[in-house]
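A quick note: this is a predicted structure, and the numbers were derived from the prediction, not measured.
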Amino acid sequence: MAHPATARAAHPLAGIGLRTAGSPALTTTVAHHLTLLGAADLGSAASDGPGAVSLTGAGGLPLTAAIAWAAVAPADEVTDEATAQAATGVACVHGRRSGEPRGLAVDYLTTACAVLAVQGLLAGLIGRARGSAVETVRTGVDLAGLLSVGQYLAAADAEDDEAVPFAPGGPPFTTADGVCFEVETLDPAVWVAFWQALGVAGRLAGSAWRSFQFRYATACSPLPEELRARVHAVDWESVRRAAKESGASLCALRSLRDRLAEPRARAPWRLSAGLPALPALPALPLPPSAEVARPLAGLTVLEAGRRIQAPLAAYVLGLLGADVVRIEPPGGDPLRGMPPTCGDLSARWLALNRGKRAVEIDIKSAAGRAELRDLVRGADVFVHNWAPGTAERLGLDDGDLSAVNPGLVYAYTSGWAGRLAGAPLGTDFMVQARTGLGEAVRPAGEPPAPSLMTLLDVLGGLLGAEAILAGLLLREREGRGVRVDSSLLGAAETLTEPALRRAAAGADPRRPAGFRRPLPTADGWVAVADDCAGQAGAAALTGLDTAGAVTSLRRRGLRATAVTTALDRLPSDPRFTSALTRDEHGALAVPVPWRFA
């Protein structure tokens with residue numbers, strides 16, 4: 001972590017004002033993040049559009065982010081959070097655990113879209129500092145939805161089948177004394193040892209590993225019922241002993257009210273600007289051929305990440321024009337071969353890593369670390385999500401690398417940001433369990449359970465990219481290196497904050513029973529906008545096909561859309577046909593989520 005003696009608070013938007021217009025649902029989070037970065041809130045203005053945030057001040061401003069519910073989908077199909085989740089496939093993926101589409105009870109896509117808007121504004125300011133003439137950036141909630149399901153969509157459309165079949169089921173487990181918990185390990189031997197310590201045959205436990213391991217990819221995990229029954233026959237203390245013996249990580253699900261009693265950070269990231277050791281760095285101008293949509297052209301990002309969070313953060317920077325160099329272990333990233341594949345590459349891996357260059361480096365060796373430091377000398381950003389303590393142990397922390405390159409933006413995308421003592425393994429589902437998000441994503445009437453869609457890995461990656469862009473802007477404005485810390489915990493706090501505010505006010509923090517539950521039709525499902533749900537609940541739709549049900553609801557003045565129930569049908573869905581493309585491997589690619597002008 002950055003040390004107080006060598007770092008100071010960082011506000012890259014100091015001296016810049018912001019003004020919002022349109023829907024508060026679309027602009028509130030954008031304005032909040034911008035003020036955390038130092039912008040002065042100048043209030044709101046009238047607008048006929050869905051949402052807009054303008055930055056005013058110096059340097060040729062204003063610069064405006066125009067935010068829509070539907071940027072690529074028809075405007076009558078995606079009109080709010082509920083219809084966006086339904087149309088883009090989020091309800092489909094989140095619902096795999098239960099076997100039918102379900103809407104998330106948190107405003108996940110509106111939040112992700114807000115982060116995209118902040119990213120666009122920061123990138124636009126960086127582009128301006130480097131000579132670009134960008135004036136407007138546009139994004140939409142539907143674009144956030146497609147990006148959020150990008151890896152699932154690519155896999156659904158791949159050449160071969162999934163490694164494990166889709167079926168309902170998955171953690172958490174409940175003990176005899178009523179403790180609901182998640183278990184986590186990345187090691188199959190630890191998984192088997194945990195269950196053997198509880199009295200489950202090793203052969204049975206081993207047969208369940210593949211489904212458990214692939215839940216990050218499939219958003220479901222149909223485990224043998226014997227595992228659940230065994231846990232239900234023992235108490236929590238027995239489970240804790242089994243975890244201690246085996247090395248597995250446990251987390252009992254926390255409620256939102258439990259979380260309300262704990263301290264939370266104001267911002268989902270932290271920027272620490274180093275004191276200048278050298279004269280201020282000169283601004284790096286854009287290459288003459290750079291397009292307005294590529295404000296990071298000419299900048300180099302080194303990424304040493306695995307799984308989703310850090311690779312997605314770097315991928316976003318690549319979409320904005322940066323040259324991303326991926327640091328992989330000798331032999332390459334093993335996830336390149338993860339099924340299903342397009343050509344000889346994993347469709348999921350491509351969704352997070354297409355367009356990147358790769359260099360194989362053994363960072364465990366002195367020669368490999370020296371090679372990495374040589375790359376850092378010519379880089380603008382270094383981002384990683386190594387386990388806590390790894391960078392310090394290897395001599396690759398921010399202090400070590402800033403000595404090599406004082407102008408480096410050093411970014412660490414972690415699980416817990418070092419803020420929760422005794423925290424379990426910092427993975428998506430464990431953070432959901434520990435922060436009460438497992439309760440917030442499900443309405444009243446449903447038992448709390450983390451979503452098996454990788455909500456925090458994706459949002460955490462987007463927040464990491466947002467923070468890196470803020471660091472790059474600060475570097476452009478002040479000519480100094482920056483340390484950036486973001487985390488899955490910060491992403492969880494962002495998503496749970498509305499529910500925690502309700503709890504603090506004495507209200508039920510959870511949404512009411514049936515919230516964002518799609519309505520069945522004769523051949524599928526339909527979803528209605530949140531403010532129409534009460535009227536639509538009494539509609540008799542089971543005798544109508546989906547198209548007829550949508551028509552019937554709209555005739556009654558209700559906003560509705562068909563629920564995407566199979567991601568492999570999205571390429572032919574008229575709502576998104578023109579937005580989806582294919583890369584050189586034939587893998588399906590979602591659209592770049594901003595339009596710069």
Side-chain angles (χ1 to χ4, degrees), residues 24-37 39 51 53 67 81 84-85 90 94 104-122 139 141 144-145 147-148 254 256 259-260 262-271 308-309 312-313 316 385 411-420 423 426-441 450-451 453-470 484-504 509-511 593:
L26 294 174
T27 59
T28 298
T29 300
V30 182
H32 177 57
H33 284 207
L34 295 174
T35 55
L36 288 172
L37 292 170
V53 176
I67 312 162
E81 175 76 27
Q85 289 189 27
V90 170
H94 172 60
L104 293 161
V106 292
D107 290 345
Y108 184 74
L109 296 187
T110 309
T111 302
C113 181
V115 175
L116 291 175
V118 175
Q119 291 172 356
L121 287 167
L122 294 172
T139 191
V141 177
L147 183 62
S148 297
R254 295 289 186 100
L256 290 164
R259 184 66 181 137
L260 187 63
E262 296 179 319
R264 304 185 301 281
R266 288 185 65 237
W269 24 248
R270 182 172 57 189
L271 276 65
I308 297 173
Q309 187 186 17
L312 178 59
V316 167
N385 62 345
Y412 181 31
T413 62
S414 68
W416 299 105
R419 290 203 288 112
L420 288 183
T427 59
D428 191 311
F429 309 136
M430 297 293 268
V431 178
Q432 286 194 52
R434 176 64 178 77
T435 60
L437 186 58
E439 183 179 38
V441 296
S451 174
M453 180 176 169
T454 51
L455 302 179
L456 297 183
D457 276 329
V458 170
L459 184 58
L462 294 178
L463 286 166
E466 176 186 278
I468 292 168
L469 288 164
V484 169
D485 289 274
S486 61
S487 63
L488 302 181
L489 175 60
E493 289 177 335
T494 299
L495 285 175
T496 55
E497 188 57 32
L500 293 174
R501 284 198 300 267
R502 292 194 293 272
R510 303 182 76 187
R511 296 296 191 180

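Separation of atoms OG (S487) and CH2 (W269) is listed at 12.0 Å; rounding is to 0.5 Å. Distance check, rounded to the nearest 0.5 Å: CD1 of I308 to CG of N385 gives 10.5 Å. Here the CG atom belonging to L37 is positioned 6.5 Å from the CG atom belonging to L271, to the nearest 0.5 angstrom. The distance from the CG atom of L456 to the CD atom of Q432 is 5.0 Å, given to the nearest 0.5 Å. Rounding to the nearest 0.5 Å places CG of L116 at 10.0 Å from CD1 of I67.
Across V458 and L312, no two heavy atoms sit closer than the pair O-CD2, 3.4 Å. Minimum interatomic distance between D428 and L455 (heavy atoms only, all atoms of both residues): OD2-N, 3.3 Å. For the residue pair A84 and V141, the shortest heavy atom distance occurs at CB-CG1, 3.7 Å. Closest approach of P268 to H33, counting heavy atoms only: CG-CE1, 3.9 Å. What you find for L459 and A491 is that their closest heavy atoms are CD2-O, 3.7 Å. The two residues A112 and L462 come nearest to each other via the heavy atoms CB-CD1, 4.1 Å.
With sequence neighbours excluded, no residue forms a salt bridge (Lys or Arg N to Asp or Glu O under 4.0 Å) with R510.
Under a 3.5 Å cut-off, the side chain of R502 and the backbone N or O of P509 do form a donor-acceptor pair. Using modelled atom types, one side-chain atom of Q309 and one backbone atom of S414 make a donor-acceptor pair closer than 3.5 Å. A donor-acceptor contact shorter than 3.5 Å links the side chain of T35 to the backbone of H32.
Side chains of V106 and T111 form no contact here, defined as non-hydrogen atoms less than 4.5 Å apart. A 4.5 Å side-chain heavy-atom check between V90 and L104 finds at least one atom pair inside the cut-off. The shortest distance between side-chain heavy atoms of R259 and L437 does not fall below 4.5 Å. The side-chain heavy atoms of V441 and Y108, taken from C-beta on, include no pair separated by under 4.5 Å. Between Q85 and H94, every side-chain heavy-atom pair lies at or beyond the 4.5 Å cut-off. Put simply, the side chain of R419 does not reach to within 4.5 Å of the side chain of E262, judged on heavy atoms. Counting heavy atoms from C-beta on, the side chains of Q119 and T139 never come closer than 4.5 Å.
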Between T496 and R264, is the side-chain contact (heavy atoms from CB on, under 4.5 Å) condition met? List the steps. CA-CA 11 Å; T496 55; R264 304 185 301 281; 5.6 Å; no
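Applying the salt bridge (Lys or Arg N to Asp or Glu O under 4.0 Å) rule to pairs touching residues 457-469 yields nothing, sequence neighbours excluded.
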